[in-house]
> 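Structure provided below as C-alpha cells; questions to follow.
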There are 2 protein chains.
Amino acid sequence: MPAKLNADLLRGGMDLMVLSALAQRPMYGYLLQQSVERTSGGRVTVQAGTLYPLLHRLEDDGLVRSRWDETTGRRRKWYELTADGRKRLVRQARQWTEFADCLRRMLAPVLDVPLESA
Amino acid sequence: MPAKLNADLLRGGMDLMVLSALAQRPMYGYLLQQSVERTSGGRVTVQAGTLYPLLHRLEDDGLVRSRWDETTGRRRKWYELTADGRKRLVRQARQWTEFADCLRRMLAPVLDVPLESA
DNA sequence: ATAGATATATAGCCGTTCGAGGCATTGGTG
DNA sequence: CACCAATGCCTCGAACGGCTATATATCTAT
C-alpha cells in the first residue's frame, strides 16, 4: 500500500522548489528568487513575503543552515542544505512525483478533450 | 511566455481531483470520496470537512450544479459539472500538467540520487 | 440493541501565500 | 548632483484552504 499523500504534498510545491534549488548550490534569498524564476522558465515567481518566512521555517526545522556575509556592501544571508534537508528533499520529491503521476492519470481523460474547449 | 502558475495551482489539487471525478459522471459527496480514494489507488483521501465546503464553493462559482434526491431513505445531493465547470477543468488541468512538468524538471537531479538517502 | 457504514454539514484551528509595505546599499542616467 | 532602478533583507495583515472534531440522521448486520 502506497503512502498517503494529502495536504502537505498538495501545498509543498514551494518548499520543494526552494529545497531543490539549494540542492544545486548554496544561495542567498534574492539569488533563490532569480533561480526559481529562471529554472521554471518564468512560470513561477517566489514572492519575498513567501520566501523569507519559508527559509526561516526550513531553518527552524533544521533542513537548511544560514550564514551572513558582511564582506560586501550588501548584507547577504547564504543558505545551504543540511544532511537532513537533503534527505527530506529526496523523500518529498519522490512522494510528489508519485502524487503527480497519480493526478495525471486522473486527468488523462480530460486532457484528451479537443482544443476548442480551452 | 507561458502563463504564471502560482499558489492557486500549487493548492488546487483537490479541486482538480473533484472536478475530474465529476467529469466522468454526476456523483454525490460520499460517492465522490470513494471515487477519489479508489482512482488514486488509496493515496488520496478527501476528508468530509474538506469536500463539502469545496463543493459549495464550486457551486457558488457556477462550476457545478446540485440536486437533492429524497426518493430514498438517505438524503443525497447529486452534483454535476456545468459547461463552465468543464471548461475550467480543461484549462486548469493543462496548467497543472505544465506546472508538474516544470517541477519535475527541477527535481530531476534530485531523483537520480541513490536509494540509501531515502 | 448496538455498532458500523452511509450521508451531509458546520465550526474552529492552523499553516501557507500574497500583497503591501519598510529599510538600506549600489550603479547608472540625465 | 539628483534620481531611480535594481539589489538585498525583512515583517505584517488579510485571505484562503485543509484538517479535526462534532452534530445529525438513516440503514444494515450481528
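Per chain, numbering begins at 1; letters A, B, ... match sequence-line order.
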> Would you classify A:Gly49 as touching base, sugar-phosphate or nothing, given that sugar-phosphate means primed atoms plus P, OP1 and OP2, and contacts are heavy atoms under 4.0 Å?
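Base, at least one base atom sits under 4.0 Å.
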> Is the closest basic N to carboxylate O distance between A:Arg57 and A:Asp15 below 4.0 Å?
yes
> Among the nucleotides C:dT8, D:dC10, D:dT7, which one has an atom lying closest to any side-chain atom of A:Gln34?
D:dT7
> Is any side-chain heavy atom of A:Arg25 closer than 4.5 Å to one of A:Glu80?
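With C-beta onward as the side chain, the pair stays apart.
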> Have a look at B:Trp68 and say if it touches a base, only the backbone sugar-phosphate, or nothing, with a 4.0 Å heavy-atom cut-off.
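Here B:Trp68 touches the backbone only, sparing every base.
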> B:Arg57 side chain N/O closer than 4.0 Å to the phosphate oxygens (OP1, OP2) of D:dG18?
yes
> Distance check: side-chain N/O of A:His56 vs OP1/OP2 of D:dC9, anything under 4.0 Å?
no
> Tell me which nucleotide among D:dC19, C:dT10, C:dC18 gets nearest to the side chain of A:Gln47.
C:dC18
> Base of C:dT25, side chain of A:Arg74 - is there a donor-acceptor contact under 3.5 Å?
yes
> Would you call B:Met17 and B:Ser40 a side-chain contact if the rule is heavy atoms closer than 4.5 Å?
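No - every pair of side-chain heavy atoms lies 4.5 Å or more apart.
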> Looking only at the side chain of A:Tyr52 (C-beta and beyond, no hydrogens), which of the listed nucleotides D:dG8, C:dT17, C:dA9 gets closest?
D:dG8
> If you only use heavy atoms from C-beta on, which nucleotide in C:dA7, C:dA9, C:dT17 is closest to the side chain of A:Met14?
C:dT17
> Less than 3.5 Å between a donor and an acceptor, one on the side chain of A:Arg11 and one on the base of C:dT16, is that the case here?
no
> Checking all strands, does A:Gly73 fall into the base, sugar-phosphate, or nothing category for heavy-atom contacts under 4.0 angstrom?
sugar-phosphate
> Whole angstrom is fine here: how far is it from CD in B:Gln33 over to P in D:dC19?
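B:Gln33 atom CD is separated from D:dC19 atom P by 11 Å.
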